Amino acid sequence: MFQPVFRHLAAWLLCGACFLPPQAQAAHPPAPLTEIAVAAGSWQGKLLYNDYASPGKMVTLPTRLHVALSQPDTLVLYFIYDDGPGKIVYGYDQMQFDLKAGLVNWRSGDNATATQSYQITAVQRNAAGTHFSLSRQADALKIQYQLTIAASSIVMEKTEVAPASATVFRHRYEFTRQIP
């Protein structure tokens, strides 16, 4: 006698659950991190680098950059370098920012295993944009990046420090927003 009642009650509860609104967190993905969201778009500028084959020789390449958000905390960077007449070179990076943990997981190239974790050693926010200082230890070498993301510019500079050595400049990107 009670079994048919429970079957009907269970059926009514199941039908009622179908009409409940979805959970709030499933309805909308989170907003992108404000510190990096402004980077999305097309940029033009240059890469200045210290030639590994001839240390101290500085080389400048005109460079374009396209940036997109793949997640609320992740930038995808697509570089196009003009490396001389008829020689175009491409670069692909992905940067995932975990501001709570103080980390940036940075994948360079098309190799999924090439991810490096950088400690965020400082973040400076102001009306012009956000400046990140990043660092990681690679064997005896300390690798440092200074990254500034603003509405009208992106600047990224890499230096390396070996034990008992001076800081060595590796490269610097300077971009301004590309006007269509």
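Everything numeric here is computed off the predicted structure, so don't read it as measured data.
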Chemist: Do Leu99 and Ile120 have side-chain heavy atoms sitting under 4.5 Å apart?
Modeler: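 A side-chain contact under 4.5 Å exists here.
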Chemist: Could you list the donor-acceptor pairs under 3.5 angstrom formed between side-chain atoms of residues 53-61 and any protein atom two or more places apart in sequence or on another chain?
Modeler:
none

Chemist: Looking at Ile36 and Pro72, what are the two nearest heavy atoms and their distance?
Modeler: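 For Ile36 versus Pro72, the nearest heavy atoms are CD1-O, 4.0 Å.
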Chemist: Please check this pair: side chain of Arg177 against backbone of Ser42, looking for a donor-acceptor N/O pair closer than 3.5 Å.
Modeler: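 No; judged by distance alone, with no hydrogens or angles, the pair does not exist.
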Chemist: If you define the side chain from C-beta out and look only at heavy atoms, does anything of Phe97 sit under 4.5 Å from Phe132?
Modeler: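 Side chain of Phe97 against side chain of Phe132, heavy atoms only: contact under 4.5 Å found.
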Chemist: What's the separation between atom OG in Ser165 and atom NZ in Lys142, rounded to the nearest 0.5 Å?
Modeler: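 Here the rounded value is 13.5 Å.
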Chemist: Give a yes or no on this: more than 12 heavy atoms of other residues, nucleotides or ligands lie within 6.0 Å of atom NZ of Lys46.
Modeler: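 Counting other residues, nucleotides and ligands, NZ of Lys46 stays at 12 neighbours or fewer.
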Chemist: Would you give the length of the straight line joining atom CG of Asn50 to atom CD of Glu160, rounded to the nearest 0.5 angstrom?
Modeler: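 The distance works out to 9.0 Å.
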Chemist: Quick one: pull up CD in Gln116 and OG in Ser108 and give me the separation to the nearest 0.5 Å.
Modeler: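 It is 8.0 Å, given to the nearest 0.5 Å.
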Chemist: Step by step, work out the side chain to side chain contact (heavy atoms under 4.5 Å, CB included) result for Thr130 and Val123.
Modeler: CA-CA 7 Å; Thr130 304; Val123 178; 3.7 Å; yes
Chemist: Test your reading of the model: is there a side-chain donor-acceptor pair from Ser117 to the backbone of Asn105, 3.5 Å cut-off?
Modeler: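 No, because the side chain of Ser117 does not come within donor-acceptor range (under 3.5 Å) of the backbone of Asn105.
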Chemist: What do the steps show when you test Leu77 against Leu65 for side chain to side chain contact (heavy atoms under 4.5 Å, CB included), and what is the final call?
Modeler: CA-CA 7 Å; Leu77 299 96; Leu65 171 65; 3.8 Å; yes
Chemist: How far does OG1 of Thr63 sit from CD of Glu174, to the nearest 0.5 angstrom?
Modeler: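 Answer for the OG1-CD pair, Thr63 versus Glu174, is 10.5 Å.
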Chemist: Going by heavy atoms in the side chains, are Leu134 and Gln119 under 4.5 Å from each other?
Modeler: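 No - every pair of side-chain heavy atoms lies 4.5 Å or more apart.
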Chemist: Out of curiosity, does Val155 fall in the hydrophobic cluster containing Leu147 (side-chain heavy atoms, cut-off under 4.5 Å, transitive links)?
Modeler: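 The answer is no; the residues belong to distinct hydrophobic clusters.
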Chemist: Same cluster for Phe169 and Met156 if Ile/Leu/Val/Met/Phe/Trp/Tyr side chains link at under 4.5 Å?
Modeler: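 In one cluster: no.
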Chemist: Would you say the side chain of Val38 lies within less than 4.5 Å of the side chain of Ile149, judging by non-hydrogen atoms?
Modeler: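 Side chain of Ile149 against side chain of Val38, heavy atoms only: contact under 4.5 Å found.
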Chemist: Check Val67 against Ala39 and note the closest heavy-atom contact, atom names and distance.
Modeler: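 Taking Val67 first and Ala39 second, the nearest heavy atoms are CB-O, 3.2 Å.
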Chemist: With the side chain counted from C-beta on, respond yes when Glu157 and His171 share a heavy-atom pair under 4.5 Å apart, and no when they do not.
Modeler: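 No. Closest side-chain heavy atoms not under 4.5 Å.
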Chemist: With a 4.5 Å cut-off on side-chain heavy atoms, are Tyr145 and Thr159 touching?
Modeler: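 A side-chain contact under 4.5 Å is absent here.
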Chemist: Answer with yes or no after comparing the ring centroid distance for Tyr173 and Phe79 against a 6.0 Å cut-off, counting only values under it.
Modeler: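 So the answer is yes for these two rings.
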Chemist: Look only at the side chain of Asp139 and the backbone of Leu141, and say whether a donor-acceptor pair between them is shorter than 3.5 Å.
Modeler: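 Not confirmed, Asp139 side chain does not pair with Leu141 backbone.
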Chemist: Give a yes or no on whether Tyr92 and Ile80 share a hydrophobic cluster (residues Ile, Leu, Val, Met, Phe, Trp, Tyr; joining criterion: side-chain heavy atoms under 4.5 Å apart).
Modeler: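 Yes, Tyr92 connects to Ile80 through the hydrophobic network.
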Chemist: Does Gln144 form a side-chain hydrogen bond (donor to acceptor under 3.5 Å, both in side chains) with Ser135? I'd like the steps, not just the answer.
Modeler: CA-CA 4 Å; Gln144 301 171 318; Ser135 179; 4.8 Å; no
Chemist: Less than 4.5 Å apart, any side-chain heavy atom of Trp106 and any of Asp93?
Modeler: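 Of all side-chain heavy-atom pairs linking Asp93 with Trp106, at least one is under 4.5 Å.
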Chemist: Determine whether Tyr81 and Ile88 satisfy the following criterion, side chain to side chain contact (heavy atoms under 4.5 Å, CB included), listing intermediate values before the conclusion.
Modeler: CA-CA 6 Å; Tyr81 306 95; Ile88 303 297; over 6 Å; no
Chemist: Can you measure from CD (Gln124) to NE2 (His131) and round to the nearest 0.5 angstrom?
Modeler: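 One gets 5.5 Å once the value is rounded to the nearest 0.5 Å.
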Chemist: Test: ring pair (Phe, Tyr, Trp, His ring centres under 6.0 Å). Region: residues 39-71. Which pairs qualify, not counting sequence neighbours?
Modeler: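 Residue pairs with at least one partner in residues 39-71: His66-Tyr78.
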Chemist: Looking at Arg125 and Glu35, does any basic side-chain N land under 4.0 Å from a carboxylate oxygen?
Modeler: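 Between Glu35 and Arg125 there is a salt bridge, with a charged N closer than 4.0 Å to a carboxylate O.
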Chemist: Can you measure from CZ (Arg64) to CG (Leu47) and round to the nearest 0.5 angstrom?
Modeler: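 The distance works out to 14.5 Å.
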Chemist: Is any side-chain heavy atom of Ile154 less than 4.5 Å from a side-chain heavy atom of Thr176?
Modeler: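 The answer is no, as the side chains (C-beta and beyond) never meet within the 4.5 Å cut-off.
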Chemist: Should Val104 and Ile143 be regarded as members of a common hydrophobic cluster, given that ILVMFWY residues are connected when their side-chain heavy atoms come within less than 4.5 Å of each other, either directly or indirectly?
Modeler: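 Yes, because Val104 and Ile143 connect within a single hydrophobic cluster, where side-chain heavy atoms sit under 4.5 Å apart.
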